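Okay, so here's the structure we're looking at.
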2 protein chains.
Amino acid sequence: MATRTAAQQRADAKLAYDAYVAECPTRQLLDRISDKWVSLLINALAEQPQRYGDLSRRVAGISQKMLTQTLRAMERDGLVSRTVTLAVPVRVEYALTPLGRGLLPVMRAIMSWAEANMDEVLAARSDYDSANGT
Amino acid sequence: MATRTAAQQRADAKLAYDAYVAECPTRQLLDRISDKWVSLLINALAEQPQRYGDLSRRVAGISQKMLTQTLRAMERDGLVSRTVTLAVPVRVEYALTPLGRGLLPVMRAIMSWAEANMDEVLAARSDYDSANGT
DNA sequence: CGGGATCCGTCACGATACTG
DNA sequence: CAGTATCGTGACGGATCCCG
């Protein structure tokens, strides 16, 4: 329970002391989209609707906790749908909603940029590192 | 020193256990871009080059620690430049590099999507919340 | 003074174990 | 198979101090 509550109170706190957020509510959404796991999950689900275990393997680095937590948050925001098929092994399938699917072009744009400029970033990175010794 | 080291070891650890990352190095970049503060700072710096204190006020919710840390990471990746003008009060100005400026269209796309679909997300959110009671 | 490093408390995260 | 509960670590925010 502490998980979502914590995220919530951070958002609330921000709204309280950050006028910039208040006059531009899209910051909340940008925060949600700018989540590491959200972007990965959206891309994963873009290929096809997938089950919990599939996503767990597809994204690989994610823990069950964060997978559940992120999936819940995305479901709450209407980005993904959660379909439970009651069977002997319970089957839960996650899929992108039309709303979530609308994020795909944006995600693809990010991926494209990353692919195109990866080497430049790597160069800058090693450059910076060599300048700082360690 | 623990700051950059931490970010480093996370990246290293990921490369070690995540095969999906290995075959698609753009994931590292997506991680960097998908950072909450990075996106806000890019947007802030897009308007104009700004000093440390300006950014601190502009982004508001950010702590000095995270501001410095994120700025360093972005500088390392060649997204921003750090110019120190030696004067009585030291003047440090941060600006987007051409590489970082290339991220602007993507960021603007995200912002546009957020603006366009904000109400839908909010609706889904309250819908979900009312279904869950608390 | 402005820029930033350091210390500390807290909370979010990751790994593991357990349940329906 | 899909999740929840528990626990340890470390990342983050806040305050303080330092340096040019």
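Bear in mind the structure is a predicted one, so any value in this text is a computation, not a measurement. Computation of the quantities below employed the complete heavy-atom set of this structure, encompassing side-chain atoms and omitting hydrogens, waters and symmetry-equivalent molecules. Within every chain, numbering begins at 1; the chains are lettered A, B, ... in the order of the sequence lines, protein sequences first and strands thereafter.
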Does A:Arg51 make a side-chain N or O approach to OP1 or OP2 of D:dA2 shorter than 4.0 Å?
yes
For B:Trp37 and D:dG13, is the shortest distance between a side-chain N/O and OP1 or OP2 below 4.0 Å?
yes
In Å and rounded to the nearest 0.5 Å, what is the CE to CG distance from B:Met74 to B:Leu103?
8.0 Å
Hey, which sits more toward the 5' end of DNA chain C by its nearest nucleotide, B:Gly53 or A:Asp35?
B:Gly53
So what does B:Gln64 touch, heavy atoms closer than 4.0 Å: a base, only the sugar-phosphate, or nothing?
nothing
Between C:dA5 and B:Arg72, is there an OP1 or OP2 to side-chain N/O distance shorter than 4.0 Å?
yes
Should A:Glu47 and A:Arg58 be marked as a salt bridge (charged side-chain N to carboxylate O under 4.0 Å, His left out) after you check the CA-CA gap, both sets of side-chain angles, and the distance that decides it?
CA-CA 11 Å; A:Glu47 303 162 356; A:Arg58 186 76 169 95; 2.5 Å; yes
Does a side-chain N or O of A:Tyr52 approach OP1 or OP2 of D:dT4 to a distance below 4.0 Å, or not?
no
Between D:dT4 (P) and A:Leu71 (CG): distance, integer Å
11 Å
Separation of atom CD in A:Gln69 from atom P in D:dT6, rounded to whole Å:
16 Å
I want to confirm an ordering. Mapping A:Pro89 and A:Thr68 to their closest nucleotides on DNA chain D, which one lands closer to the 5' end?
A:Pro89
Scan side-chain atoms only and decide if B:Thr68 and B:Tyr52 contain a donor-acceptor pair under the 3.5 Å cut-off.
yes
